[in-house]
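Just below is one structure, and these are the notes that go with it.
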Amino acid sequence: MISHVPAEGDGPEQRVAARLGELRRERGLTLTTLAERTGISAAHLSRMEKGERQPSIGSLFQLARAYGISVGELVGDERPRELHVVRGATAPVHEGPDGPYATMAGLGPRSALEAVRLELTADGPERAAAHAGEEWVYVVRGQVLARVGEEEVALAAGDALHFDAVARHTLWSRGGPATVIIVSVAPAPARPPHGPASG
């Protein structure tokens with residue numbers, strides 16, 4: 001269980017930073033080991049835990065997968081239930097290097113699906129991400145550029161992009177703010193054999 005009690009005046013970004021450090025220590029991981037599992041450098045992980053850098057959406061997906069929890073749990077937004085309703089107007093908003101974001105899913109670690117609403121403000125790629133699974137991006141408003149591997153594609157409101165998230169990928173706005181919904185689905189675990197082989 002996370003033991004951090006936020007000090008008076010702690011903002012959401014400071015609470016996320018504290019939570020990142022406590023999760024890593026609870027699992028007995030060094031920064032080097034976590035860097036190997038996520039592909040994020042140990043130096044960058046350290047800066048995120050100190051609150052000197054906010055994690056990008058890609059980093060949040062990578063860290064959540066490494067810890068076996070959802071992005072909502074990672075940033076402290078989520079109370080797992082059988083049914084989880086997120087009201088768009090009241091969903092907690094966090095600041096990140098790609099722009100403000102809110103988690104829009106919440107069934108907890110048993111769910112393979114993550115959904116984030118991201119307000120893109122960057123006019124260029126901040127940091128590329130790569131992780132297991134698939135990603136689906138839907139542009140709600142504005143113009144967006146996406147780079148997946150070596151390919152770059154322009155997206156407008158109403159467009160969607162679906163890709164294998166193992167390829168390094170990044171998004172940024174084009175000519176002004178943009179809003180996107182990002183849905184990420186983790187690969188299904190390998191199924192055990194149905195029973196002993198007949199002989």
Open item on the list: Taking the basic N atoms (NZ, or NE/NH1/NH2) and the acidic carboxylate oxygens, is any pair closer than 4.0 Å for Arg141 and Glu119?
Closed with: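 Yes.
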
Donor-acceptor contact below 3.5 Å, side chain [X] vs main chain [Y]:
| X | Y | answer |
| --- | --- | --- |
| Arg24 | Leu29 | yes |
| Arg117 | Gly88 | yes |
| His169 | Ala129 | yes |
| Glu114 | Val71 | yes |

Task: Atom pair CG/OG of Leu60 and Ser184 - distance to nearest 0.5 Å - done: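 The CG atom of Leu60 sits 11.0 Å away from the OG atom of Ser184.
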
Considering residues at least two apart in sequence or located in another chain, which fulfil the side-chain contact (heavy atoms from CB on, under 4.5 Å) criterion with [X]?
| X | result |
| --- | --- |
| Glu150 | none |
| Ala132 | Pro187 |
| Glu95 | Glu13, Pro100 |
| Glu36 | Thr32 |

Task: Pairwise salt bridge (Lys or Arg N to Asp or Glu O under 4.0 Å) hits with a residue in residues 157-169, at least two apart - done: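 Counting only pairs at least two positions apart or across chains, no salt bridge (Lys or Arg N to Asp or Glu O under 4.0 Å) contact touches residues 157-169.
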
Open item on the list: Taking ring pair (Phe, Tyr, Trp, His ring centres under 6.0 Å) as the definition, give me every residue that meets it alongside His44, ordered by chain and number, with sequence neighbours left out.
Closed with: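 Checked His44 against ring pair (Phe, Tyr, Trp, His ring centres under 6.0 Å); zero matches.
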
- [ ] Kindly write out the residues that satisfy ring pair (Phe, Tyr, Trp, His ring centres under 6.0 Å) with Tyr138, not counting sequence neighbours, or none if the list is empty.
- [x] Trp136

Among residues at least two apart in sequence or on other chains, which ones pass side-chain hydrogen bond (donor to acceptor under 3.5 Å, both in side chains) with [X]?
| X | result |
| --- | --- |
| Arg37 | none |
| Gln62 | none |
| Thr38 | none |
| Ser46 | none |

Open item on the list: Which residue in the set Ile181, Leu171, Val144, Leu118 passes side-chain contact (heavy atoms from CB on, under 4.5 Å) when paired with Val137?
Closed with: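 Checked Ile181, Leu171, Val144, Leu118 against Val137; only one passes side-chain contact (heavy atoms from CB on, under 4.5 Å): Leu171.
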
Open item on the list: Could you list the cluster mates of Met104? Members are the ILVMFWY residues connected by side-chain heavy atoms closer than 4.5 Å, either directly or through other members.
Closed with: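 Traced through the cluster, Met104 reaches Val86.
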
